[in-house]
**Q** 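Have a look at the structure that comes next, please.
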Amino acid sequence: MSGLNIVLYEPEIPENTGNIGRTCVATGTRLHLIEPLGFSLGEKAIRKAGLDYWADLDVTTYVNYEEFLAKNPGAKIYMVTTKGKKVYSDISYEKDCYLMFGKESAGLPEELLAHNRDRCVRIPMNEDIRSLNLANSVAIVLYEALRQNGFEGMKLTGALTKFSDYIE
């Protein structure tokens with residue numbers, strides 16, 4: 001396990017959550033889901049997107065944000081939002097931090113962001129687009145946190161030394 005945590009605040013699209021779950025299994029990352037969810041965890045779409053990895057996922061659901069905080073006291077939470085002032089790659093992520101993402105249609109609530117301004121980060125993108133896909137955003141920030149922590153606990157494959165080793 002990497003020790004890192006992904007938190008989805010009221011996710012709405014089962015395929016995104018399924019893809020994020022698969023990424024969490026591949027990286028040894030815990031997944032936390034804050035209700036209400038826009039789907040059932042038994043839904044076929046979430047299982048299809050997560051493939052057969054969903055059974056291996058370390059996932060916890062919470063009735064609301066308050067329950068999440070109560071069950072994870074002292075959690076160092078970074079909130080990923082288009083409204084963040086800091087770029088995600090400029091943060092030093094702790095091995096056990098929590099990366100929180102909002103729902104697809106609205107992001108994280110303003111009141112959460114207002115109380116955590118110093119922990120709000122963003123992914124740079126062109127001004128003409130509202131946001132990136134949630135599953136892509138999770139992968140971008142998660143892999144930066146994993147890189148900073150030396151990909152701890154992960155198998156580093158493909159350690160070939162020459163380009164010719166990759167071709168026949």
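Any value given below was found using the heavy atoms of this structure, including those in side chains, with hydrogens, waters and symmetry copies removed.
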**Q** To the nearest 0.5 Å, tell me how far Arg22 CZ sits from Asp56 CG.
**A**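 So the CZ of Arg22 and the CG of Asp56 are separated by 12.0 Å.
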**Q** How far apart are the closest heavy atoms of Ile91 and Gln148, and which atoms are they?
**A** O-NE2, 2.8 Å
**Q** Given side chains that start at C-beta, do those of Ile77 and Asn116 come closer than 4.5 Å, heavy atoms only?
**A**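 In short, these two side chains do not touch, never coming nearer than 4.5 Å.
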**Q** What's the spacing between Leu142 CG and Cys24 SG if we round to 0.5 Å?
**A**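 Rounded to the nearest 0.5 Å, the CG-SG separation comes out at 6.5 Å.
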**Q** Hey, mind stepping through Thr27 and Met154 against side chain to side chain contact (heavy atoms under 4.5 Å, CB included) and telling me if it holds?
**A** CA-CA 7 Å; Thr27 59; Met154 296 177 68; 4.0 Å; yes
**Q** Between Val63 and Phe68, is any pair of side-chain heavy atoms under 4.5 Å apart?
**A**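 Sidechains of Phe68 and Val63: no contact.
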**Q** Which atom pair, heavy atoms only, marks the closest approach of Leu4 to Thr29?
**A**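 Leu4 and Thr29 have their closest heavy atoms at O-CG2, 3.2 Å.
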**Q** If you define the side chain from C-beta out and look only at heavy atoms, does anything of Met79 sit under 4.5 Å from Leu113?
**A** yes
**Q** Examine Ile6 and Leu69 and state if one hydrophobic cluster contains both, with Ile, Leu, Val, Met, Phe, Trp and Tyr joined whenever side-chain heavy atoms are less than 4.5 Å apart.
**A** no
**Q** One pair to check against side chain to side chain contact (heavy atoms under 4.5 Å, CB included): Leu134 and Ile13. What are the steps and the verdict?
**A** CA-CA 9 Å; Leu134 180 60; Ile13 301 173; over 6 Å; no
**Q** Would you confirm whether Glu104, through its side chain, and Glu12, through its main-chain N or O, come within 3.5 Å as a donor-acceptor pair?
**A**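 Looks like yes, one N/O pair under 3.5 Å.
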**Q** Please answer whether the main-chain N or O of Asp118 pairs with a side-chain N or O of Lys86 as donor and acceptor at a distance below 3.5 Å.
**A**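 Judged by distance alone, yes, a pair lies under 3.5 Å.
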**Q** Supply the atom-to-atom distance Asn19 CG to Asn136 CG, rounded to the nearest 0.5 angstrom.
**A**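 If we round to the nearest 0.5 Å, Asn19:CG and Asn136:CG are 8.5 Å apart.
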**Q** Does any non-hydrogen side-chain atom of Ile34 lie less than 4.5 Å from one of Leu8?
**A** no
**Q** Arg30 vs Thr60, test: side chain to side chain contact (heavy atoms under 4.5 Å, CB included). Steps then yes/no.
**A** CA-CA 8 Å; Arg30 291 177 190 91; Thr60 305; over 6 Å; no
**Q** Transitively linked via ILVMFWY side-chain contacts under 4.5 Å: Val7 with Tyr143?
**A** no
**Q** Where do Leu108 and Leu112 come nearest, in terms of heavy atoms and distance?
**A** CD2-CD1, 4.5 Å
**Q** Verify the distance criterion only: is there a donor paired with an acceptor across the side chains of Asn64 and Glu35 at less than 3.5 Å?
**A**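 Absent: no donor and acceptor within the cut-off.
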**Q** Please list every donor-acceptor pair under 3.5 Å in which a side-chain atom of residues 92-103 meets a protein atom from a residue at least two apart or in another chain.
**A**
| from | atom 1 | to | atom 2 | distance (Å) |
| --- | --- | --- | --- | --- |
| Tyr93 | OH | Tyr88 | O | 2.7 |
| Glu94 | OE1 | Tyr78 | OH | 2.9 |
| Glu94 | OE2 | Lys76 | NZ | 2.9 |
| Glu94 | OE2 | Tyr78 | OH | 3.1 |
| Lys95 | NZ | Glu152 | OE1 | 3.1 |
| Tyr98 | OH | Asn72 | OD1 | 3.1 |
| Lys103 | NZ | Glu10 | OE1 | 3.1 |

**Q** Would you call Thr82 and Arg130 a side-chain contact if the rule is heavy atoms closer than 4.5 Å?
**A**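 When only atoms from C-beta onward are counted, Arg130 and Thr82 do not touch, as no gap falls below 4.5 Å.
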**Q** Measuring only between side-chain heavy atoms, which start at C-beta, is Asp58 closer than 4.5 Å to Leu31?
**A** no
**Q** Report the C-alpha separation of Met125 and Leu132 in whole Å, then their side-chain angles, then the decisive distance to 0.1 Å, and conclude whether the side chain to side chain contact (heavy atoms under 4.5 Å, CB included) test is met.
**A** CA-CA 8 Å; Met125 62 185 145; Leu132 294 171; 4.0 Å; yes
**Q** Any sub-3.5 Å donor-acceptor pair from Asn133's side-chain atoms to Ala135's backbone N or O?
**A** yes
**Q** Compare all side-chain heavy atoms of Leu33 with those of Pro11 and state whether any distance is below 4.5 angstrom.
**A**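 Yes, side chains in contact.
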**Q** Distance from Ile123 atom CD1 to Glu144 atom CD, nearest 0.5 Å?
**A**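 It is 11.0 Å, given to the nearest 0.5 Å.
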